[in-house]
Amino acid sequence: MTATISTQGQMQQALEQLARLYEALAAMRREIEPANPRNFAVLAEGHLEEIRRLQQELDEYAARLAGAEPLARK
């Protein structure tokens, strides 16, 4: 995966987006999971994938700043 974060501003945007994704996930968990855990799991998939993608980009950016190789993700 090629990193798309190349500036401090982009890093800040990614962090803000992560926060919004976690907030949305928490809201879905409160509102949907108690009544329908299966629907919650399905709806959460997209959020979780985007969280993983953003975290990977942040890890790669941080590694470039530190002059190291990013950690391999499985």
Side-chain angles (χ1 to χ4, degrees):
M1 166 184 260
T2 50
T4 58
I5 299 172
S6 58
T7 67
Q8 289 283 349
Q10 290 172 337
M11 180 191 74
Q12 186 60 40
Q13 287 178 336
L15 291 170
E16 291 168 5
Q17 188 174 359
L18 268 178
R20 286 189 298 273
L21 285 164
Y22 279 118
E23 288 171 12
L25 195 58
M28 284 194 309
R29 186 170 189 183
R30 283 190 308 273
E31 297 166 13
I32 298 170
E33 187 183 39
N36 196 328
R38 192 175 298 198
N39 276 357
F40 168 74
V42 170
L43 292 171
E45 284 180 36
H47 287 68
L48 293 171
E49 183 58 35
E50 185 67 7
I51 287 168
R52 285 189 284 270
R53 184 189 67 77
L54 284 170
Q55 189 61 58
Q56 177 73 30
E57 289 182 16
L58 286 163
D59 291 346
E60 290 171 3
Y61 178 67
R64 283 194 314 278
L65 288 179
E69 289 296 314
L71 296 174
R73 296 265 182 199
K74 294 181 181 167

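Because only heavy atoms are used, hydrogens play no part in the values below, and waters and symmetry mates are left out as well, while side chains stay in. Keep in mind that what you see is a predicted model, and the values were worked out from it rather than measured.
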Q) Roughly how far, to the nearest 0.5 Å, is the CD atom of Q55 from the CD atom of E60? A) 10.5 Å
Q | Check: Q13/Q17 side-chain N/O donor and acceptor closer than 3.5 Å | A | no
Q.
With a 4.5 Å cut-off on side-chain heavy atoms, are Y61 and Q8 touching?
A. yes
Q.
Please say yes or no: joined through hydrophobic side-chain contacts below 4.5 Å, possibly via intermediate residues, are M28 and Y22 part of one cluster?
A. yes
Q) Are L48 and L21 connected, step by step, through hydrophobic side chains (Ile, Leu, Val, Met, Phe, Trp, Tyr) whose heavy atoms are closer than 4.5 Å? A) yes
**Q.** Interatomic spacing from CD in E50 to CG in L25 - rounded to 0.5 Å
**A.** 12.5 Å
(Q) Just verifying a value: how many Å separate E33 CD and N36 CG, rounded to the nearest 0.5 Å? (A) 10.0 Å
(Q) On a heavy-atom basis, which atom in R64 and which in S6 lie closest, and how many Å separate them? (A) NH2-CA, 4.1 Å
**Q.** Under-4.0 Å salt bridge between R53 and E49
**A.** no
Q. Do R20 and E16 come close enough that some side-chain heavy atom pair is under 4.5 Å?
A. yes
Q.
With side-chain contact (heavy atoms from CB on, under 4.5 Å) as the test, pick out the partner of Q10 among T4, L58, I5.
A. I5
